[in-house]
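All of these numbers come straight from a predicted model, not from anything done at the bench.
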Amino acid sequence: MSSELETPSDGVDESEKKNYGTPERENHIKITDLSELLKEGTKESHDRAENTQFVKDFLKGHIKKDLFKLATTALYFTYLALEEEMERNKDHPAFAPLYFPVELHRTEALTKDMEYFFGKDWKEQLQCSEATQSYIDRIHYVGQHEPELLVAHAYTRYMGDLSGGQVLRKVAQRVLKLPSTGEGTQFYQFENIDNAQQFKQFYRARMNALDLDMKTKEKIVEEANRAFEYNMQIFNELDKVGSLLGKESQDGEFLHDGKGDVRKCPYYAAQQSKGTHESCACPFKTATAVLRQLNLQLFLAVLALVCGLIAWYFM
């Protein structure tokens, strides 16, 4: 990784790029600065998101690989939509200064993660969850009808990825025994940003320089809170799936306890959420079939023994 950004993004001249670590007006922050308004205006939402059960469990290392794969799938759909709308609006004056495809965009990295987890045919297995679909529908609406609000979604995602996302990467690698070389966690690695803290300062300075009136800034803060809500809905959805997952066997598959409706089988629920092909059989189903076969053989053996005793008795 080089000491500075290797490829300039659209809208960034060389002098700015060279000195992106020095935020504009850093010693004269005003309450009218968009970055400060967003920080203060989303503090409660940010705290609530950090305290969702899914995030708390993740930070404690209570995350199973199947659930992590579902979370990665949700991220893929989210960034595919976000970056499609950012591309559409890269020349819009209310967003252009925040267009950093080389430094920030995550779709390519997530594509690598999806292939690592699901194999070459990963696109055939994709299934967007209900909560994720609501989120990306909103992103597309904003990008096509109110592009100035796209700032809120970019801020919420990328600033978080450059902060807490780095902690989650380390937890995932340690708990899920993912390769230290980065396979499965490419999403969290910003190879074209040498210093995340400095880049965040530069990004906030660019936000503050946007030519927006106060009413628009307030709408952006409102939209950022909405973005947090969408993320929390995804976290809660993942938490519900996680609560269904049974103990992970040594080979990484999940076993059903054999009670109740098979549709409540954790493995079944996880596979359906992932959109996996029906040919992927639940391991409990296979085990049950084997046990039934053994029970039938045992029954026949006992029956033969009883018949033999009855025959001996009447001889």
Side-chain angles (χ1 to χ4, degrees), residues 1-47 49 79 82-83 85-106 139 142-143 146-167 188-228 231:
M1 192 178 297
S2 65
S3 59
E4 62 179 18
L5 304 181
E6 296 179 356
T7 307
S9 295
D10 291 1
V12 185
D13 62 38
E14 290 300 315
S15 61
E16 280 187 305
K17 175 173 171 284
K18 184 176 180 180
N19 298 296
Y20 71 73
T22 305
E24 301 169 15
R25 300 180 295 168
E26 62 181 349
N27 296 320
H28 302 87
I29 294 177
K30 303 180 181 65
I31 196 62
T32 56
D33 283 344
L34 181 56
S35 65
E36 194 68 12
L37 288 169
L38 280 166
K39 179 181 178 181
E40 293 302 317
T42 62
K43 188 178 186 303
E44 183 179 342
S45 294
H46 184 272
D47 290 343
Y79 281 89
L82 179 58
E83 289 165 8
E85 295 306 330
M86 290 169 68
E87 187 68 27
R88 184 199 306 274
N89 292 283
K90 64 182 179 181
D91 297 321
H92 192 287
F95 184 76
L98 301 179
Y99 181 67
F100 295 99
V102 174
E103 293 84 0
L104 292 178
H105 284 197
R106 301 286 85 203
I139 290 172
V142 165
E146 299 181 87
E148 65 277 6
L149 300 185
L150 203 56
V151 175
H153 292 277
Y155 166 84
T156 303
R157 286 302 335 171
Y158 293 118
M159 294 299 98
D161 299 334
L162 287 168
S163 302
Q166 301 312 299
V167 177
Y188 301 99
Q189 300 175 48
F190 291 81
E191 296 180 352
N192 292 305
I193 295 179
D194 184 59
N195 187 309
Q197 187 60 34
Q198 289 183 354
F199 187 87
K200 286 190 295 181
Q201 290 177 336
F202 170 68
Y203 193 89
R204 292 188 186 103
R206 278 298 192 91
M207 289 172 54
N208 295 338
L210 292 173
D211 186 16
L212 304 170
D213 58 34
M214 195 61 188
K215 183 177 180 181
T216 302
K217 291 178 182 179
E218 290 172 352
K219 288 181 64 177
I220 290 174
V221 173
E222 182 182 346
E223 187 68 21
N225 279 303
R226 181 176 292 184
F228 271 108
N231 279 282

Please check if the number of heavy atoms outside Gln166 that lie under 6.0 Å from its CD is greater than 12. yes
For the residue pair Tyr158 and His105, categorise the inter-ring angle as parallel (less than 30°), tilted (30 to 60°) or perpendicular (more than 60°). parallel
When rounded to the nearest 0.5 Å, the distance separating CZ of Phe95 from CE of Met86 is 3.5 Å
Gap between atom CD of Glu83 and atom CZ of Arg157 - 0.5 Å precision: 10.5 Å
Keeping the roles fixed (side chain from Asn89, backbone from Gly143), state whether a donor-acceptor pair exists under 3.5 Å. yes
Given Leu37, which of Val221, Ile220, Asn208 fulfils the side chain to side chain contact (heavy atoms under 4.5 Å, CB included) condition? Val221
Value rounded to 0.5 Å, distance of CG in Leu210 from CG in Leu34: 6.5 Å
Could you tell me whether the side chain of Arg204 and the main chain of Phe199 form a donor-acceptor pair under 3.5 Å? no
About how many Å separate OG of Ser35 and NZ of Lys217, when rounded to the nearest 0.5 Å? 9.5 Å
Rounded to the nearest 0.5 Å, what separates atom CE in Met207 from atom CE in Met159? 8.0 Å
Once rounded to the nearest 0.5 Å, what's the spacing between atom CG of Leu212 and atom CD of Glu218? 12.0 Å
Test salt bridge (charged side-chain N to carboxylate O under 4.0 Å, His left out) applied to Lys90 and Glu87, step by step: CA-CA 5 Å; Lys90 64 182 179 181; Glu87 187 68 27; 3.0 Å; yes
For Asp161 and Phe190, which heavy atoms make the closest approach, and how far apart are they? CB-CZ, 3.7 Å
In a table with atom names and distances, give each donor-acceptor pair under 3.5 Å that connects a side chain of residues 146-156 to protein atoms at least two apart or in another chain.
residue	atom	partner	partner atom	Å
Glu146	OE1	Lys219	NZ	3.1
His153	NE2	Glu223	OE2	2.7
Thr156	OG1	Ala152	O	2.7

salt_bridge(Glu40, Lys43) N-O dist < 4.0 Å: no
Tell me whether Lys39 at atom NZ has more than 12 heavy atoms from other residues, nucleotides or ligands lying less than 6.0 Å away. no
What are the two closest heavy atoms between Asn225 and Gly41, and how far apart are they? ND2-O, 3.1 Å
Compute the centroid of each ring, for Phe202 and then for Phe100, and state whether the two points are separated by less than 6.0 Å. yes
Minimum heavy-atom separation for Lys200 and Ser163, please, with both atom names. NZ-OG, 2.6 Å
Take atom CG of Asp47 as the centre, draw a 6.0 Å sphere, and report whether it contains more than 12 heavy atoms from other residues, nucleotides or ligands. yes
